[in-house]
Amino acid sequence: MKSAEKSAGKGAARGTARALRTPSGLSVRVDVRAVTVVVLLLVAALAASVLLIGTGDFPIAAGDVLKTLLGGGDAGQQFIVNELRLPRVLVGLLVGASLGLGGALFQAISRNPLGSPDILGLGQGATAGALVVIVLFSGSASEVTMGALVGGLVTGLSIYVLAWKRGVHGYRLVLVGIGISAIVTAVNGYLMTKADLVDASRALVWMTGSLSGRDWAQVWPLVALCAVLVPLVLANARGLRMMEMGDDISHALGVRVERVRMLLMVSAVLLTAAATAAAGPVSFVALTAPQLARRLTRSPGPNLLPSLCMGAALLVTADWVSQRLFGADQLPVGVVTGVVGGVYLLWLLVTERRAGRI
């Protein structure tokens with residue numbers, strides 16, 4: 001009886017994890033609660049997407065949206081849904097997913113809930129690259145996108161090099177990132193003062209973070225990037241989880257710590273820079289999505305897949321809220337996420353302070 005009680009206690013301590021054995025004899029550990037959260041977040045993201053496609057000056061019922069997406073609907077509905085609104089929604093889903101996954105990677109690598117691309121300055125770096133193209137060269141949309149990618153990569157590389165000291169560790173990474181963020185923000189302000197009125201207005205709209213006017217040209221690069229990076233990141237999730245126990249233990253367990261860390265940091269930088277290039281610096285999604293996902297799953301570790309789904313759901317929901325609440329004077333989605341994320345950041349700081357971690 002006592003042994004049974006001990007086993008039950010251990011099972012309760014493990015939470016909702018279950019071990020599944022395949023016909024080939026491979027045993028796979030599955031967290032039922034985490035899987036449930038992922039499924040529910042996917043459903044929420046898809047439901048918000050359908051509602052968002054149907055929202056606008058020409059409203060379309062959710063049933064008609066689904067029918068049009070499946071090949072039905074009249075010619076007008078097909079044009080509005082497939083050509084005008086679907087690309088915007090897909091960009092929102094992909095940008096939110098990229099930011100959520102990138103934020104989860106940085107928070108896991110830095111072992112700090114504040115270690116997100118927003119705080120580390122990656123969004124500001126991508127913004128600097130875009131501003132250089134807009135202000136100095138009056139570049140096209142594709143050139144602005146490339147400039148944002150280069151700016152994000154240069155910023156990420158700078159943070160990694162400056163934070164290196166026999167490896168990259170959490171608080172040093174965060175502190176260096178905050179310093180780089182302050183420098184790049186000042187550079188962005190300087191570039192804005194040197195821009196003419198037309199370029200400054202164009203840059204200001206981009207810097208707000210918006211999904212307006214997004215088309216298939218922004219969808220396909222994000223699809224290609226996510227198709228490569230998401231499987232790569234998930235394949236290294238086991239090593240990332242072991243790294244949370246410390247570099248020495250990870251080495252003892254056979255993890256090539258610096259190689260995995262560098263690979264995942266480059267992936268996170270690329271995801272963040274690509275998302276910023278597609279929609280501008282949408283703030284706080286990368287910070288809040290991993291934390292909300294962890295609180296829903298109640299699971300230790302980086303929670304990469306739940307964070308990805310949470311980011312997608314957050315961004316399309318924020319875009320739907322901006323359209324529904326403000327009508328013709330709708331706010332850019334970056335303003336909505338900034339307000340919500342700012343409130344969440346204050347709550348997180350208070351919580352961390354009460355816990356004695358800051």
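Residue numbers count from 1 along this sequence. None of these values were measured; they are calculated from a predicted model. Below, all heavy atoms of this structure are taken into account, side chains as well, without hydrogens, waters or symmetry copies.
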- Message: Do M265 and Y160 have side chains that approach each other closer than 4.5 Å (heavy atoms only, starting at C-beta)?
- Response: yes
- Task: Specify the closest pair of heavy atoms between G100 and A289, including all atoms of both residues, with the distance to one decimal.
- Result: CA-CB, 4.0 Å
- Would you say V135 and V187 are hydrophobically clustered, going by side-chain heavy atoms of ILVMFWY under 4.5 Å? yes
- Query: Is there a path of hydrophobic side-chain contacts, each under 4.5 Å between heavy atoms of I, L, V, M, F, W or Y residues, that connects I109 with L229?
  - Reply: yes
- Query: Is I159 linked to V150 within one hydrophobic cluster, defined over Ile, Leu, Val, Met, Phe, Trp and Tyr using a side-chain heavy-atom separation of less than 4.5 Å?
  - Reply: no
- Query: Less than 4.5 Å apart, any side-chain heavy atom of L292 and any of L314?
  - Reply: yes
- Task: Kindly say whether G123 contributes a backbone atom to a donor-acceptor pair with the side chain of T127 at under 3.5 angstrom?
- Result: yes
- Item | Backbone of I53 reached by a side-chain donor or acceptor of R88 within 3.5 Å | no
- Note on the structure: In terms of heavy-atom contacts, G96 and L315 come closest through N-CD2, 3.5 Å
- Task: Applying side chain to side chain contact (heavy atoms under 4.5 Å, CB included), run through L101 and L305 and close with a yes or a no.
- Result: CA-CA 7 Å; L101 183 57; L305 196 56; over 6 Å; no
- Item | Trace of the side chain to side chain contact (heavy atoms under 4.5 Å, CB included) decision for F284 with V340 | CA-CA 8 Å; F284 287 114; V340 175; over 6 Å; no
- Message: Checking side-chain polar atoms at under 3.5 Å, does S210 have a donor or acceptor matched by the opposite partner on T208?
- Response: no
- Closest approach of L271 and G102, non-hydrogen atoms and distance? CD1-N, 4.3 Å
- Can you find a pair of side-chain heavy atoms, one from L157 and one from L153, that are under 4.5 Å apart? no
- May I ask you to test the Q107-P302 pair for a side-chain heavy-atom distance under 4.5 Å? no
- Task: Please assess L122 against F106 for the test side chain to side chain contact (heavy atoms under 4.5 Å, CB included), listing each intermediate value before the final yes or no.
- Result: CA-CA 11 Å; L122 293 175; F106 271 111; 3.2 Å; yes
- Query: So with a 6.0 Å cut-off around CE of M192, is the heavy-atom count from everything else above 12?
  - Reply: yes
- Query: Heavy-atom distance under 4.5 Å between the side chains of L308 and L304, does that happen here?
  - Reply: no
- Item | Step-by-step side chain to side chain contact (heavy atoms under 4.5 Å, CB included) determination, V133 to M146 | CA-CA 9 Å; V133 175; M146 185 57 63; over 6 Å; no
- Item | V343 with L99, same ILVMFWY side-chain cluster at under 4.5 Å | no
- Item | M310 side, atom CE; T317 side, atom OG1 - distance, nearest 0.5 Å | 9.5 Å
- Any side-chain heavy atom of L191 within less than 4.5 Å of one from I134? no
- Query: Between atom NZ of K194 and atom CG of L136, what is the distance when rounded to the nearest 0.5 Å?
  - Reply: 11.0 Å
- Task: Could you pull out the closest heavy-atom pair between C309 and L41, with the gap in Å?
- Result: CB-CB, 3.8 Å
- Task: Mind checking the OG1-CE spacing from T276 to M207? Nearest 0.5 Å is all I need.
- Result: 12.0 Å
- Are L149 and V269 linked, directly or through other ILVMFWY residues, by side chains that come within less than 4.5 angstrom of each other? no
- W220 CH2: over 12 foreign heavy atoms closer than 6.0 Å: no
- Supply the atom-to-atom distance N82 CG to Q77 CD, rounded to the nearest 0.5 angstrom. 10.5 Å
- Task: Might you point out which heavy atoms bring N236 and L232 nearest each other, and give the distance in Å?
- Result: ND2-O, 2.8 Å
- Query: How long is the span from the OG1 atom in T337 to the CG atom in L287, to the nearest 0.5 Å?
  - Reply: 11.0 Å
- Answer yes or no: is there a donor N or O on one side and an acceptor on the other, between the side chain of Q218 and the main chain of D215, under 3.5 Å? yes
- Are the side chain of R214 and the backbone N or O of A278 linked by a donor-acceptor pair below 3.5 Å? yes
- Do L94 and C226 have side chains that get closer than 4.5 Å, going by heavy atoms? yes
- The reported gap from CH2 in W216 to CG in L90 (rounded to nearest 0.5 angstrom) is 5.0 Å
- Task: Locate the shortest heavy-atom distance separating S322 from V336; write the atom from each residue and the value.
- Result: CB-CG2, 3.7 Å
- If we only count heavy atoms from C-beta on, is the Q124 to T155 side-chain gap below 4.5 Å? no
